[in-house]
Amino acid sequence: MEKIEQIQKWLAENKGDFALISDPMTIQYLTGFYSDPIERVLMLVVFKHQDPFIFAPALEVEAIKDTGWTNPVYGYLDHENPWKMIADQISVREVDEKEIAIEKANLPVDRLEALQAQFPASSFSLNLTPELEKMRLIKSADEIEKLKIAGKWADFAFQKGFEAARIGVSEQQVAADLEYALKGEGIMQMSFDTLVQAGAHAAEPHGATGANKIQNNELVLFDLGTVWDGYISDASRTVAIGKPDDKSLDIYKVCLEAQLTAQAAAKPGMKASDLDKIARDVIDKAGYGEYFIHRLGHGMGMSEHEFPSIMEGNDMLLQPGMCFSIEPGIYIPGVAGVRIEDCVYITENGAEPFTHTSKELTVVD
Ligand code: MN
Ligand code: MN
């Protein structure tokens with residue numbers, strides 16, 4: 001309820017009467033309950049001065065109560081009109097309906113129109129998205145515990161992936177083997193499509209895992225993550241099969257130095273842009289600057305699309321509880337690609353990683 005109270009306080013400060021929240025991840029963040037009802041309607045309604053309620057498909061009601069939600073929850077059947085039922089529940093509470101807050105980043109236009117039809121005299125201009133982004137920027141101790149467990153399973157996945165990566169085995173087979181091992185342990189969801197890229201294929205940082213077979217004397221890049229209780233991991237390692245050529249080994253060495261230098265330097269009070277520059281300078285100095293073609297890192301937590309963004313131009317100061325990736329990469333088209341990534345959380349003294357798989361070049365043959 002602490003997070004919901006923060007929304008209530010925000011409503012009071014911003015002259016909002018109530019907030020209509022239907023993004024499944026936001027509802028999970030605020031209540032602990034997660035379900036993606038697809039086209040059905042799941043709505044959390046938070047009032048300034050009254051208890052919130054959840055409106056959900058009838059088939060979800062028991063699961064919501066099971067999470068310990070003690071405020072009202074109302075179910076609807078598929079043939080009923082959810083928008084009218086939500087409006088009816090709000091009107092019996094006799095609250096002001098002048099200013100309604102919505103998540104502008106996560107409310108489809110057809111849903112906004114359905115709500116506007118129920119509240120024709122209300123304004124929907126108050127945007128809750130920036131406040132939620134601000135709240136999600138700093139993780140609580142409980143959230144960091146979940147991120148640590150997700151990180152532990154990413155380490156497990158690397159171990160299984162490295163065992164599977166052999167000459168003649170396809171990238172797809174390696175990805176399948178490591179995900180199969182995770183499922184056997186009860187980890188059913190990856191945070192994004194597992195990336196296994198061998199040799200020159202790894203020089204396409206947004207390429208996909210393919211039918212490409214691993215050959216001797218090349219690097220293989222892994223980028224993967226798991227989901228634990230709504231929180232993700234995201235980590236990359238690049239390993240060697242046999243003896244890769246000198247160029248590949250050199251870019252590995254430089255990328256590793258950039259990653260280690262940045263991870264050791266990250267601390268509260270530092271600008272996000274300065275951290276990016278620390279890694280970039282290492283790669284520039286070695287002559288590979290033009291091949292480091294993305295920001296150093298991104299915020300993460302429930303998703304990989306959170307703040308802070310670790311890049312040039314972002315002068316946000318790092319603070320304890322911020323979580324983000326440190327992932328320099330060097331991609332030389334036609335030759336090889338290397339990325340080394342740990343996600344970290346900022347403490348009073350520095351940065352602690354969620355993943356602990358060795359970053360020294362591992363030879364897996
Ligand atoms: Mn990644
Ligand atoms: Mn990442």
Side-chain angles (χ1 to χ4, degrees), residues 25 136-137 139 143-144 146-148 150-162 165 171 174-175 178-179 182 187 189-198 201-210 219-228 231-239 252 255-256 258-260 262-263 266 272 275-276 278-280 283 291-312 314 318 322-331 336-346 351-359 362:
M25 198 177 279
R136 283 173 61 173
L137 182 63
K139 271 68 180 177
E143 291 180 290
I144 285 174
K146 290 175 182 173
L147 290 163
K148 281 183 186 172
K152 194 188 81 169
W153 287 110
D155 283 327
F156 172 88
F158 280 134
Q159 183 199 326
K160 294 295 167 184
F162 299 168
E171 297 167 353
V174 175
L178 72 87
E179 291 190 14
L182 282 168
I187 304 302
Q189 200 187 346
M190 306 304 290
S191 35
F192 51 89
D193 289 347
T194 299
L195 203 60
V196 179
Q197 292 175 301
H201 189 202
E204 299 166 26
H206 262 181
T209 303
L219 296 175
V220 181
L221 191 159
F222 288 78
D223 191 345
L224 54 82
T226 62
V227 181
W228 175 267
Y231 287 77
I232 68 146
S233 49
D234 175 16
S236 304
R237 289 293 184 272
T238 306
V239 298
Y252 189 90
C255 189
L256 178 61
Q259 206 283 337
L260 295 174
Q263 193 164 311
L275 187 57
D276 178 275
I278 285 171
R280 209 161 293 277
I283 293 174
Y291 303 112
F292 179 16
I293 48 181
H294 52 70
R295 61 184 171 181
L296 180 63
H298 53 80
M300 47 82 72
M302 297 182 84
S303 78
E304 301 169 74
H305 306 279
E306 303 191 6
F307 294 108
S309 189
I310 310 299
M311 63 177 187
E312 187 182 342
N314 181 13
L318 301 182
M322 284 184 178
C323 298
F324 53 85
S325 68
I326 298 178
E327 51 177 311
I330 301 174
Y331 313 95
V338 173
R339 182 166 59 258
I340 304 170
E341 171 182 27
D342 276 330
C343 287
V344 302
Y345 60 101
I346 295 293
E352 292 293 327
F354 292 117
T355 34
H356 300 277
T357 298
S358 171
K359 290 184 276 203
T362 304

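Computed from a prediction, not measured in an experiment: that's the story for all the values here. Ligands are counted one by one from 1 in listed order, and the atoms in each one are counted from 1 as well. No hydrogens, no waters, no symmetry mates; every other heavy atom, side chains included, goes into these values.
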*Think R136 forms a cation-pi with F307, using NZ or CZ under 6.0 Å from the six-ring centre and within 45 degrees of its axis?*
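Cation-pi check for R136 and F307: fails.
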*Is any side-chain heavy atom of W228 less than 4.5 Å from a side-chain heavy atom of I187?*
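They are in contact (side-chain heavy atoms under 4.5 Å apart), so the answer is yes.
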_Single hit among T209, L221, T194, L195 for side chain to side chain contact (heavy atoms under 4.5 Å, CB included) with E171_ =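 The single option meeting the side chain to side chain contact (heavy atoms under 4.5 Å, CB included) with E171 is T209.
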*With distance as the sole criterion, is a donor-acceptor pair present between the side chains of Y331 and E204 under 3.5 Å?*
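E204 and Y331 do not have a side-chain donor-acceptor pair below 3.5 Å.
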*Taking the Mn ion (ligand 2) as the vertex, how big is the angle to OE2 in E327 and NE2 in H298, rounded to 10°?*
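It rounds to 80°.
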_Restricting to N, O or S, what is the name of the atom of D234 that lies nearest the Mn ion (ligand 2)?_
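Distance check against the Mn ion (ligand 2) picks out OD2 in D234.
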*Could you please compute the angle at the Mn ion (ligand 1) from OE1 of E341 to OD2 of D223, rounded to 10°?*
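Approximately 100° at the metal, rounded to tens of degrees.
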